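Notes for the one structure printed next.
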Amino acid sequence: MVEGTVAQEYLLATLGEKGKLPAAVQVRTCLVAAGLLDLLLKGCVGMEQKKVSVRASLPAELAFLSQLYELIGKKPRTVQSIGEEYLFSLTDRRLQDLFDAIGKTLVQAGCAKAEEGGLLEKTNRYVPDKEAVDRLVQKIRAELLEEGPVDPQTFGLVSLLDKSGQLKQYFSSYERETLKTRLRQLKDTEADPVVKQMVDHVNGLMVLVISLSIH
């Protein structure tokens, strides 16, 4: 996988050595947001008056996000409503299906290895290829820690990794502060309007899901 989507690269960066999706609600929230951002960047869904709705057919390269696309196709929804469907339903089946759909594309691209894990209930795991993770980290470093243009997808990816607390795995404290400063500068000047809007909605979604998880 030379260039993955936001959802693919986000999952690749968060899997860890055991190939599991971390239990932290922030990580899971941002996985859903990453899939939504892919749909927005491709123009197959759009956002108007705080609601997301289908605008065009799902491109073949995003077929793994068909479940999310079809959910939005049933009726326009807020980002918060979409998040609740995945994070606070009676079961985690919808979230697990999203995880598996993205994970399988990583396996197909040679960026992860599929395994089974779990004692009581077998679950799918996707152990990331270390070289693929390193290439991703180096891409982020090249775009955001050096001068030059930043791709909207990379801006969105790093914003989600920051909000879910995953940057500390790959970057020093100094580098993380530099990345955050760069993100703020880009958001105020050069960020793609679609990505900027999505990041703002993720902030609200984070507050909501953390509040609901506490109660």
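Atoms considered below: every heavy atom in the structure, side chains included; atoms not considered: hydrogens, waters and symmetry mates. The shown structure was predicted, so the numbers you read here are calculated from the model rather than taken from an experiment.
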For residues [X] and [Y], determine if any side-chain heavy atom of one lies less than 4.5 Å from a side-chain heavy atom of the other.
X	Y	answer
E48	R55	yes
C44	P59	yes
S66	L58	yes
V150	R182	yes
L15	L106	yes
L65	L39	yes
V127	E17	no
L136	L157	yes

Taking all atoms of both residues into account, what is the closest heavy-atom pair of [X] and [Y], and its distance?
X	Y	answer
F64	Q8	CE2-NE2, 3.8 Å
C30	K163	SG-CB, 4.2 Å
E143	T154	OE2-OG1, 3.1 Å
G16	P128	O-CD, 3.1 Å
D38	V6	OD1-N, 2.9 Å
G156	L37	CA-CD2, 3.8 Å

Residue pair E61, K42: steps toward the side-chain contact (heavy atoms from CB on, under 4.5 Å) verdict: CA-CA 10 Å; E61 64 266 30; K42 285 294 184 180; 3.2 Å; yes
Six-ring centre of Y86, R94 cation under 6.0 angstrom, axis tolerance 45°: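 The answer is yes; both the distance and angle limits are met.
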[atom1]-[atom2] distance between [X] and [Y], expressed to the nearest 0.5 angstrom:
X	Y	atom1	atom2	result
T123	R125	OG1	CZ	5.0 Å
K20	Y126	NZ	OH	14.5 Å
S53	K75	OG	NZ	13.5 Å
R176	K168	CZ	NZ	7.5 Å
S172	L167	OG	CG	11.0 Å
L41	L36	CG	CG	9.5 Å

Looking at [X] and [Y], does any basic side-chain N land under 4.0 Å from a carboxylate oxygen?
X	Y	value
D97	R93	yes
K18	E115	no
K139	E9	yes
K74	E85	no
K113	D129	no

My understanding is that only one of L87, L160, I102 makes a side chain to side chain contact (heavy atoms under 4.5 Å, CB included) with L31; could you say which?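 Single side chain to side chain contact (heavy atoms under 4.5 Å, CB included) partner of L31 among L87, L160, I102: I102.
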Apply salt bridge (charged side-chain N to carboxylate O under 4.0 Å, His left out) to E175 and R141, showing your working. CA-CA 9 Å; E175 287 176 324; R141 182 172 275 115; 3.2 Å; yes
What verdict does the side-chain contact (heavy atoms from CB on, under 4.5 Å) test give for T105 and T5, after you've listed the backbone C-alpha separation in whole Å, the side-chain angles of each residue and the deciding distance to 0.1 Å? CA-CA 10 Å; T105 67; T5 70; over 6 Å; no
Within the 3.5 Å criterion, strictly below it, is a donor on Q166 or T14 matched to an acceptor on the partner's side chain? no
Cut-off 3.5 Å, side chains only: do Y10 and S164 have a donor facing an acceptor?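 Checked: Y10/S164 side chains pair up, N/O donor to acceptor below 3.5 Å.
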Should F155 and L183 be marked as a side-chain contact (heavy atoms from CB on, under 4.5 Å) after you check the CA-CA gap, both sets of side-chain angles, and the distance that decides it? CA-CA 7 Å; F155 174 82; L183 288 175; 3.6 Å; yes
Is there a donor-acceptor pair under 3.5 Å between the side chain of N124 and the backbone N or O of E116? no
Apply the test side-chain contact (heavy atoms from CB on, under 4.5 Å) to residues V79 and V32: give CA-CA distance (whole Å), side-chain angles for both, the deciding distance (0.1 Å), then the verdict. CA-CA 10 Å; V79 174; V32 178; over 6 Å; no
